[in-house]
Amino acid sequence: MIGMVIAFIIGAGLSVGGVLLYNRFQSENRKNKADGLITRAKNEAEKIKDGARKEEDEHRREWKKTESRLAERETKLDKKFEELEQKAEGLRQKEGQMDSLIGEVRKKRDEQQEKLEKIAGLSKEEAREKLMSMTEGDIKGDLFELIKKEQHDLTEDSDEVAQMILLTAMERMSSEVTADRTVTALKMPDDELKGRIIGKEGRNIQALQRATGVDVLVDDTPGMVVLSSFDPVRRQVARLALEVLMKDGRINPSSIEAAVEKAEKQINKEVNQAGEDAAREVGVVGLPRELLRLLGELKFRTSYGQNVLLHSVEMAHLAGMIAEEIGADVRITKTATLLHDIGKSITHKVEGKHADIGAELGKKYGLDQRVIHAMEAHHEDVEPTTPEAIIVKITDAISAARPGARNVSAENFAERMRDLENIALNFNGIDKAYAVSAGREIRVIVEPKQIDDLSAIKLARDIANKIESTMQYPGVIKVNVIRETRAIEYAK
């Protein structure tokens, strides 16, 4: 028993000793590894330190090179600055010398001028005037011939090109020149209808006038009913309603209201359709509905007997051709020509010229500024500044001047001829003035003693400008100034 205990104690002692030995071995092993890691870390740190030192040395060398280059450049700049200062000083000295020389030259010139004035007996201003008058007398004839030649050369080619473009567009455009007038009078089938239209105590005619806003006159012309109104659309509504009433024969306030209501619907439909058809015919798209309606109302509006809507459509076709020939904007030109007279549709409602009203409508509905300018300038109330505006003005004159396009009374024609002659007679030096060729030309005979050749050229231009600014006329008026000199002597 005791031996077993002794053996256990000895075994336990040996086990503890082995554990202690193992732990000591492990501790020494870890220490060796740590020492190795520290050594390697130190070696790596030394390498990094050496690399950083070398890189720092390299940077320092580059900085020294840069500093040396900058110092060298600074030295060169200082030298150049000194050279510039020296040159500037030399220039200032020369400038002072030039100023003194200029003063001496001016002094000598004044002395020479005084000597010349004493010798000639003329002052500087008098000598200048005398020289100018002598020069003018010497070159006046040559100057007149030169101006005449330049005008001829300038207008010959431009007139030929312009005529070719206009004639090409006009021969491509064929339209009816006789337009329908707005109907303002209706013929009654028999005189009995007159009493029915008037009604008992005038009730029917009063109801018709209230419903349409049109004055109805039945006593002025035998067998006719005359409709009077500034609004062409209302006049058409009244005409259509009265035609239906006369055909039906039953005329009373209730039937009048029904007929007027039906006529208004039909006329409104015609107006809208007319505006859309006109825009579609000339290829103008995207117009607001309000403008299309106002455009359609021009179907019932005439100007000197010419239907305004047909006139606008014809102009749009002509303007598109001309714009294509000269390279202008076709869309802008067609839109402006189609809408140029749209202000006439509301001139009975709004005060002002139709060109100004049309421009305001264009601004209201957001049209292109070039379109608005062309609409506003077609009667030269505003100076046309774009090719499109000039085309609108030209085509307006072409369309209005077509034979038979407008009906002008003999009284208006004679008045225009008198105005044309009076404009010319208001200028000084005019002996006689004659309007010829149906107002297409005015011949002005001048006093040769008061008007010379150069003054005749200026006079023709002044008369033309006066006609353009004061008269309204289709086409072009030629101003022909005639100066005749007669030398008369008597043999005795």
Legend entry - Donor-acceptor under 3.5 Å (His373 side chain, Thr385 main chain): yes
Legend entry - Trace of the side chain to side chain contact (heavy atoms under 4.5 Å, CB included) decision for Arg239 with Val214: CA-CA 10 Å; Arg239 177 191 62 81; Val214 175; over 6 Å; no
Inset, instruction - Mind checking the CD1-CD1 spacing from Ile463 to Ile442? Nearest 0.5 Å is all I need. - result: 7.0 Å
Inset, instruction - Please name the pair of heavy atoms, one in Leu292 and one in Ala279, separated by the smallest distance, quoted to 0.1 Å. - result: CD2-CB, 3.8 Å
Inset, instruction - Would you give the length of the straight line joining atom CD1 of Ile457 to atom CD1 of Ile451, rounded to the nearest 0.5 angstrom? - result: 12.0 Å
Inset, instruction - Give the minimum heavy-atom separation between Gly275 and Leu295, together with the two atoms involved. - result: O-CD2, 3.9 Å
Legend entry - Spacing of OG1 belonging to Thr335 relative to CG belonging to Leu291, to within rounding of 0.5 Å: 10.5 Å
Inset, instruction - Measure the shortest side-chain to side-chain distance between Glu360 and Lys363 over non-hydrogen atoms and say whether it is less than 4.5 angstrom. - result: yes
Inset, instruction - First locate atom CG of Leu309, then atom CG of Leu338, and finally report the distance between them rounded to the nearest 0.5 Å. - result: 7.5 Å
Inset, instruction - Measure across Ile391 and Ala328 and return the closest heavy-atom pair with its distance rounded to 0.1 Å. - result: CD1-CB, 3.9 Å
Inset, instruction - Decide side chain to side chain contact (heavy atoms under 4.5 Å, CB included) for Leu361 and Leu339; before the verdict, give the C-alpha distance in whole Å, the side-chain angles of both, and the deciding distance to 0.1 Å. - result: CA-CA 10 Å; Leu361 288 173; Leu339 301 178; over 6 Å; no
Legend entry - OG1 on Thr395 to NZ on Lys334, rounded to 0.5 Å: 12.0 Å
Inset, instruction - Could you tell me whether the side chain of Arg443 and the main chain of Val436 form a donor-acceptor pair under 3.5 Å? - result: no
Inset, instruction - Starting from the C-alpha separation in whole Å, work towards a yes-or-no answer on side chain to side chain contact (heavy atoms under 4.5 Å, CB included) for Thr470 and Asp419. - result: CA-CA 10 Å; Thr470 59; Asp419 292 342; over 6 Å; no
Inset, instruction - Please round to the nearest 0.5 Å and tell me the distance separating atom OG of Ser469 and atom CD1 of Ile423. - result: 7.5 Å
Inset, instruction - Identify the residue among Glu270, Arg234, Arg235 that makes a side chain to side chain contact (heavy atoms under 4.5 Å, CB included) with Phe300. - result: Glu270
Legend entry - Heavy atoms from other residues, nucleotides or ligands near CG of Asn428 exceed 12 (cutoff 6.0 Å): no
Legend entry - Counterpart residues, side-chain hydrogen bond (donor to acceptor under 3.5 Å, both in side chains), relative to Thr386 (two or more places apart): none
Legend entry - Where Pro448 and Arg483 come nearest, the two heavy atoms and their spacing: O-NH2, 3.1 Å
Legend entry - Lys393/Asp396 salt bridge by N-O under 4.0 Å criterion: no
Inset, instruction - Look only at the side chain of His311 and the backbone of Val308, and say whether a donor-acceptor pair between them is shorter than 3.5 Å. - result: no
Inset, instruction - Could you walk me through whether Leu367 and Met375 pass side chain to side chain contact (heavy atoms under 4.5 Å, CB included), step by step? - result: CA-CA 11 Å; Leu367 295 182; Met375 293 167 60; 4.2 Å; yes
Inset, instruction - For residues Lys299 and Asn307, report the shortest heavy-atom separation together with the two atoms involved. - result: O-ND2, 2.8 Å
Legend entry - Minimum side-chain heavy-atom gap Ile322-Thr333 below 4.5 Å: no
Legend entry - Note, Asp341 side chain near His354 side chain (heavy atom, < 4.5 Å): yes
Legend entry - Listed partners of Arg289 passing side-chain contact (heavy atoms from CB on, under 4.5 Å), at least two apart: Glu276
Legend entry - Glu281 vs Asp277 side-chain heavy atoms within contact, under 4.5 Å: no
Inset, instruction - Identify, with sequence neighbours excluded, every residue that meets side-chain contact (heavy atoms from CB on, under 4.5 Å) alongside Asn272. - result: Arg293
Inset, instruction - State whether the side chain of Lys344 and the backbone N or O of Leu298 hold a donor-acceptor pair below 3.5 Å, judged by distance alone. - result: no
Inset, instruction - Could you tell me whether the side chain of Glu441 and the main chain of Asn480 form a donor-acceptor pair under 3.5 Å? - result: no
Legend entry - Side chain proximity check, Glu468 to Asn465, heavy atoms < 4.5 angstrom: yes
Inset, instruction - Kindly give the heavy-atom pair with the smallest separation between Ala424 and Val444, and that separation in Å. - result: CB-CG2, 3.8 Å
Legend entry - Donor-acceptor under 3.5 Å (Glu421 side chain, Ala435 main chain): yes
